[in-house]
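Just follow the structure's listing: the first ligand is 1, and inside any ligand the first atom is 1. The figures here come from the full heavy-atom set of this structure, side chains too, leaving out hydrogens, waters and symmetry mates.
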Amino acid sequence: MDAERGTVRSAPSGVRRPAAPTAGGRRTDAPRTETPRAAAPLTEAPRADAPHTDPPHPGTRRPPARLPRSRRPLADLPTAETTSPWILMYHSVAVEKEDPYRLTVSPERFAEQIAWLHRRGKRGVSVRELMRARAAGRADRLVGLSFDDGYADFARHAVPILQAYGFTATAYVVADLLGRANDWDTEGPRKTLLTVQEVTDLAAAGWEIGSHGLGHQALPGLPADVLTAQTRDSRRLLEEVVGGPVTGFCYPYGAVDLAATLAVRDAGYDYACAIAHSPLTGRYALPRCYVGDRDGAWRLRAKRGRHRLRDTVTELRRQRLAARAGRLRRVP
Ligand SMILES: [Zn+2]
């Protein structure tokens, strides 16, 4: 399993109760009590097997208007609605001797990465806060921070560093494995998971808790009733733990297909995190940027650029597929 697919391990202990994440002394991401909004429409989902082509190179001159849409320069492409927010994907923040999946970032490296964001005028926030700010048109300086699997070291190592900068984050936990270990990760070292009490405390302190399903199981290909359990039941379980709405979902291993996105939407979630860009990219398949222990400033800058490029390529593919579908509809 490569590093861009979720999982991991480690051995933190003595998790401290975190204080509320603040900005200027005010809680910025406290859970809301209202019910999540009605299911939002998915973005159009072109065929997943549609052929992919390379994007055109951006040109300095505007091409003739008669050029097909797929040849338009990148600068002409719409951006406000079609770009994805930048969301960083972490798993474990700890010191590990073995890390075969490269999913552990040392606390020192993590502090460097967070400091780098802060120096660039960015503020790390939960994905919930990011999506709300984006809807209000004020997400320019925000970066989503997500932590998959719900490792206990999130509270022990990540939270104090994030608090020092007034940042927030989302922890996606496996609803039926709280207090246990990452037994799904057979080849990596064992890592303990946040307990029920720790998740309750994190939520009470304002950290977003999202669902990572049940049993850390990939969703694509599951029968409809199992998909429903993975999404709806995991949400119900976690809402009892956090005492409020759980509106974010994160696909185990980043694995997603159309049926999974529909199940997540129908279960009442407001958004869902995937990993890779795909034809499903949108509110229920948000792409995320893997961050590892090797990622210093220049690699983070490069990954930011790569994210933007992938957004552009994804949109180009969408436009081509939409155009192709339009041509097909016109054929008698
Ligand atoms: Zn995971």
Side-chain angles (χ1 to χ4, degrees), residues 1-12 87-94 96 98-105 110 126-128 144-155 157-158 169-195 198-199 202 207-222 226-227 229-231 233-235 237-238 241 246-257 260-261 263-264 267 269 271-276 278 280 284-293:
M1 188 179 304
D2 62 54
E4 302 241 355
R5 293 159 62 86
T7 46
V8 191
R9 71 276 160 25
S10 166
I87 303 172
L88 304 186
M89 177 181 69
Y90 288 95
H91 286 76
S92 174
V93 178
E96 290 288 356
E98 292 181 57
D99 189 23
Y101 305 134
R102 294 190 301 192
L103 294 172
T104 305
V105 177
F110 180 70
S126 68
V127 181
R128 175 179 62 194
L145 299 179
S146 63
F147 294 77
D148 288 17
D149 300 343
Y151 294 109
D153 58 47
F154 170 72
H157 294 305
T170 304
Y172 296 106
V173 304
V174 184
D176 58 339
L177 296 181
L178 301 183
R180 297 174 65 178
N182 58 330
D183 293 331
W184 65 83
D185 197 6
T186 55
E187 296 184 13
R190 295 280 72 77
K191 285 179 180 284
T192 55
L193 303 175
L194 292 163
T195 65
E198 287 163 349
V199 170
L202 284 166
W207 301 91
E208 183 190 10
I209 302 299
S211 172
H212 205 32
L214 301 171
H216 204 275
Q217 194 171 0
L219 300 195
L222 294 180
V226 182
L227 269 182
Q230 282 283 336
T231 53
D233 294 357
S234 70
R235 183 170 183 234
L237 270 176
L238 287 177
V241 174
V246 169
T247 58
F249 189 87
C250 175
Y251 301 99
Y253 307 101
V256 59
D257 63 5
T261 62
V264 167
Y269 292 94
Y271 74 86
C273 286
I275 298 177
S278 77
L280 293 168
Y284 289 100
L286 294 168
R288 291 182 298 161
C289 174
Y290 159 80
V291 182
D293 201 52

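- For the Zn ion (ligand 1), the N/O/S atoms of His212 include one lying under 2.8 Å.
- Tyr284 has its side chain out of reach of Val256: every pair of non-hydrogen atoms, C-beta onward, lies at least 4.5 Å apart.
- Distances from the Zn ion (ligand 1) to the N/O/S atoms of Asp149 are shortest for OD1.
- Residues Ile275 and Tyr253 have side chains not in contact (no heavy-atom distance under 4.5 Å, counting atoms from C-beta outward).
- Using modelled atom types and a 3.5 Å distance limit, the side chains of Asp153 and Tyr151 yield no donor-acceptor pair.
- With a 4.5 Å cut-off on side-chain heavy atoms, Tyr269 and Val246 count as touching.
- Residue contacts to the Zn ion (ligand 1): His216 brings an N, O or S atom closer than 2.8 Å.
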